[in-house]
Number of protein chains: 2
Amino acid sequence: MGDRPTLQDVARAARVSTATVSRVLNTPGQVRVETRARVEAAIARLGYLPHFGGRALALNRTNTVGVVIPTMANAIFARGLQALQETLAEAEINLLIATSGYDVAREAEQIRTLLSRSVDGIVLIGEARPRESYDLLNSHGTPFVILWTWRADSPYICVGFDNRAAARAMAEHVISAGHRRIAMISGLTESNDRAQLRLEGVRDALHLHGLALDGAHLAETPYGLDQGAEAAAHLLMLPQRPTAILCGNDVLAAGAIEGARRAGFVVPADVSIVGFDDVELARVAQPPLTTVHVPHRRMGHEGARVLLEMISDQGPGHSVELETEIVDRASLGRLPQPQSA
Amino acid sequence: MGDRPTLQDVARAARVSTATVSRVLNTPGQVRVETRARVEAAIARLGYLPHFGGRALALNRTNTVGVVIPTMANAIFARGLQALQETLAEAEINLLIATSGYDVAREAEQIRTLLSRSVDGIVLIGEARPRESYDLLNSHGTPFVILWTWRADSPYICVGFDNRAAARAMAEHVISAGHRRIAMISGLTESNDRAQLRLEGVRDALHLHGLALDGAHLAETPYGLDQGAEAAAHLLMLPQRPTAILCGNDVLAAGAIEGARRAGFVVPADVSIVGFDDVELARVAQPPLTTVHVPHRRMGHEGARVLLEMISDQGPGHSVELETEIVDRASLGRLPQPQSA
DNA sequence: TTGTAAGCGTTATCAC
DNA sequence: GTGATAACGCTTACAA
């Protein structure tokens, strides 16, 4: 006990060579039935399990895909991962998960670790990272795909959606509901391209309608229920009180609803609040959140599929653009159209 | 590109032996400064990263801990994992995450995979699994800890809480609020000891008060918002309509609130609904859920700590019982005490 | 159909 | 301080 049996041990027990045991494991067809039976019996009796390190060394393949996500605490990443894993599991591939805590230096470190482990492929979130990380990835020739974002002219293989366009569409939606005094609670934008793009998308739409997001009406805060609540309370104290608050994700939005309620405002009668992501929280919040539905499961499945292709075909891979969709629930209210634009 | 540099390559480039390069990497103090500088330059220039497989073979250690959870789609596991990972990361240990989908056979398979990868330790959820899995674990001598459950007489190292006692306490709480017609929406109990224990705990408390949970008042369903809603709608159609519904977790409870509302009932005026876990959903639901707070972050941190001890000291490890706590929010209403028991 | 033996990239035990 | 060299467990020509 404690001393793990090796191929040698199995070979001895079955009175064959290690090569034969290896064949039983990998190409059982090449072994005579009786020999095979003897070997299999020995394997079972000893509780033998192949040694991954030895195999990795001999094969230069690990059947492992690595992924670096910002955090597992955000349900949307966890759920995307679940989908990713389901598809990888079908190909008998395991997932090595690392987190960066939204910190680029930590992410770079995690990428090194994954490469060091000879993962067959890597999944990353978003495009924003130092050149060195991309260089390292390329010099090792390890295929990688980027999730949660998609741009027409991205030099990388992306399986995701256009954050900017999606946010712009949501802002348009809010504007066409009659809102003019609009505020935003954004996630931290530093080295988070999804947050940046969503903010830009909102700005795009406002600009198109001759509106703007002045500093006072933009709150930037880490994702969290409390942070959303606090930001909303603050925005609602402003002299030019917003009639609608766009949030960088559903957690912030759910928090914002709570903050608004505590400050004595009724959603959406007094203030409209919309989210982004469409997680369970959006459906449970009261009023239920009008939000942008992100196809997180499809993203996971497609991402896995594309990466698997790159791994087996050694091909360049291809990006996939996924569609988002505005889910109209009840947190967005309609305002009478103002007389003058 | 594509062909990863090895220790040999670095050694050649730095005009030293592989042994010296290895020393620079592992025990830099033993190498003369100038030699070290030369080697480090070569490492940087070549973009060398140690080969994990080779190292695993030579060291018989992988700096990896494996964990098998039912699913990442449930936020509570994802969050527990996040905490687990934070503590492991401090010890430079990586997490290999596998999911079982609440299926014991798949879990057994995943345990084999983890052992095959020579993980230094394993984290499992709950105690319910076939003897063979435990035998395999023991025969390999790989330390493991069990999370999410704790029993005084468990033969395993557990870092968790007493699910039965916690559920009993919640049921007592509901009873002492005056409820007598009580129903439960449980998660699937087959090979899920947490779900079983929570159900038993509720039964314990009811029994103590001369009450019982007849078949009609017990719904067993997979975790999910829709499942909770459906189960609640069904229970509320019963002739002996329950005044309180205990749920196996917060997702079911949040769904139940939705189901009750859609069926025209007001929570908690018409029916009280309580949950278990205390995830974000509980706070966001309207009315906010009265639920059992599970210290998922502490569980992750403590679990990691205990496992790390077992790995380094080779000691037997020790279980840790964590306390749960009832969080009173607004989904539990008080009923006038009935005249007769 | 089976066995022999080289090689995968690292670390560790020796000498020097 | 540094260099040979023998493990570590596995796969895979090549031989038999």
Side-chain angles (χ1 to χ4, degrees), chain A residues 2-40 42-43 46-64 112-113 115-120 140 142, chain B residues 2-40 42-43 46-64 112-113 115-120 140 142:
Chain A
D3 243 29
R4 167 177 189 162
T6 72
L7 251 205
Q8 275 282 5
D9 299 329
V10 176
R12 261 193 295 270
R15 324 195 116 266
V16 296
S17 73
T18 60
T20 299
V21 181
S22 177
R23 282 184 207 110
V24 169
L25 256 24
N26 301 302
T27 52
Q30 290 177 24
V31 178
R32 206 176 53 201
V33 202
E34 305 140 44
T35 326
R36 185 162 72 202
R38 219 164 66 239
V39 171
E40 278 165 348
I43 288 178
L46 296 181
Y48 168 78
L49 250 33
H51 187 285
F52 173 79
R55 191 170 248 182
L57 211 46
L59 283 179
N60 201 29
R61 194 176 196 289
T62 56
N63 290 319
T64 308
R112 303 174 74 81
T113 304
L115 289 175
S116 176
R117 289 178 170 253
S118 326
V119 292
D120 300 331
H140 276 250
T142 303
Chain B
D3 243 29
R4 170 177 185 161
T6 72
L7 252 204
Q8 274 282 4
D9 300 329
V10 176
R12 261 193 295 270
R15 323 196 116 266
V16 295
S17 73
T18 60
T20 298
V21 181
S22 179
R23 280 191 280 261
V24 169
L25 256 23
N26 300 302
T27 52
Q30 290 178 24
V31 179
R32 203 174 56 203
V33 204
E34 305 139 44
T35 327
R36 185 161 72 203
R38 219 164 65 238
V39 171
E40 278 165 348
I43 288 178
L46 296 180
Y48 167 80
L49 250 33
H51 188 284
F52 173 79
R55 191 169 249 181
L57 211 45
L59 283 180
N60 201 30
R61 194 178 196 290
T62 57
N63 290 319
T64 308
R112 302 174 73 81
T113 303
L115 288 175
S116 176
R117 287 173 174 256
S118 324
V119 292
D120 301 330
H140 276 250
T142 303

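Here is how names work: the chains are called A, B, and so on, in the same order as the sequence lines, proteins then strands, and each is numbered from 1.
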Trainee: For the side-chain contact (heavy atoms from CB on, under 4.5 Å) test, which of Val31(B), Val39(B), Val24(B), Val10(B) pairs with Val16(B)?
Mentor: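 Result: among Val31(B), Val39(B), Val24(B), Val10(B), Val39(B) is the only option passing the side-chain contact (heavy atoms from CB on, under 4.5 Å) with Val16(B).
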
Trainee: Are Thr20(B) and dG1(D) close enough that a side-chain N or O sits under 4.0 Å from OP1 or OP2?
Mentor: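 No, outside the criterion.
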
Trainee: Is there a donor and acceptor pair, one atom on the side chain of Arg4(B) and one on the base of dG9(C), closer than 3.5 Å?
Mentor: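 Per atom types, no contact qualifies.
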
Trainee: Within a radius of less than 6.0 Å around CG of Asn60(B), do more than 12 heavy atoms belonging to other residues, nucleotides or ligands occur?
Mentor: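 Not more than 12 within 6.0 Å, no.
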
Trainee: What is the distance, rounded to the nearest whole Å, between atom CG of Asn60(A) and atom P of dT10(C)?
Mentor: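 The answer, rounded to whole Å, is 11 Å.
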
Trainee: How many whole angstroms separate atom CG of Leu7(A) from atom P of dA6(C)?
Mentor: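 So the CG-P distance, Leu7(A) to dA6(C), works out to 18 Å.
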
Trainee: Do the side-chain N or O atoms of Arg32(A) get closer than 4.0 angstrom to the phosphate oxygens (OP1, OP2) of dT2(C)?
Mentor: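 True: Arg32(A) side-chain N/O within range (under 4.0 Å) of dT2(C) OP1/OP2.
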
Trainee: What's the CZ-C1' distance between Arg23(A) and dG3(C), to the nearest Å?
Mentor: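 Interatomic distance, CZ of Arg23(A) to C1' of dG3(C): 7 Å.
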
Trainee: Between dG9(C) atom C1' and Arg12(B) atom CZ, what is the distance in whole Å?
Mentor: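 Distance check: Arg12(B) CZ to dG9(C) C1' gives 12 Å.
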
Trainee: State which of dT11(C), dT12(D), dT2(C) makes the closest approach to the side chain of Asn26(B).
Mentor: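 For the Asn26(B) side chain, the nearest candidate turns out to be dT11(C).
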
Trainee: Rounded to whole Å, please give me the gap between CG in Leu57(B) and P in dA6(D).
Mentor: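 After rounding, the gap between these two atoms is 17 Å.
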
Trainee: In whole Å, what is the span from the CG atom of Leu59(B) to the P atom of dT10(C)?
Mentor: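 Answer to the nearest Å: 11 Å.
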
Trainee: Nearest nucleotide by nearest heavy atom, which residue falls closer to the 5' end of DNA chain D, Gly54(A) or Arg36(B)?
Mentor: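 So the residue in question is Arg36(B).
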
Trainee: Looking at dG3(D), I'd like to know if its phosphate oxygens (OP1 or OP2) sit under 4.0 Å from a side-chain N or O belonging to Ser17(B).
Mentor: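 Ser17(B) to dG3(D) OP1/OP2: side-chain N or O found under 4.0 Å.
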
Trainee: Answer yes or no: is there a side-chain heavy-atom contact under 4.5 Å between Thr62(A) and Arg55(A)?
Mentor: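 Counting from C-beta outward, Thr62(A) and Arg55(A) never come under 4.5 Å.
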
Trainee: So what does Thr6(A) touch, heavy atoms closer than 4.0 Å: a base, only the sugar-phosphate, or nothing?
Mentor: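 Touches sugar-phosphate only.
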
Trainee: So, applying side-chain contact (heavy atoms from CB on, under 4.5 Å) with Arg32(A), which one of Arg36(A), Gln30(A), Glu34(A) is it?
Mentor: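 Running side-chain contact (heavy atoms from CB on, under 4.5 Å) over Arg36(A), Gln30(A), Glu34(A) with Arg32(A) returns exactly one hit, Glu34(A).
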
Trainee: Within this structure, what is the CG-to-P distance between Asp9(A) and dC8(D), rounded to whole angstrom?
Mentor: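 About 11 Å, once rounded to whole Å.
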
Trainee: Could you tell me the separation between the NE2 atom of His51(B) and the P atom of dC8(D), rounded to a whole number of Å?
Mentor: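 Value for this atom pair: 19 Å.
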
Trainee: Measuring from the side chain of Val16(B) (C-beta onward, heavy atoms only), which nucleotide among dG3(D), dG3(C), dT10(C) has the closest atom?
Mentor: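 Closest of the options to the side chain of Val16(B): dG3(D).
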
Trainee: Does the side-chain hydrogen bond (donor to acceptor under 3.5 Å, both in side chains) test come out yes or no for Ser118(A) and Arg4(B), once each step is laid out?
Mentor: CA-CA 10 Å; Ser118(A) 326; Arg4(B) 170 177 185 161; 3.0 Å; yes

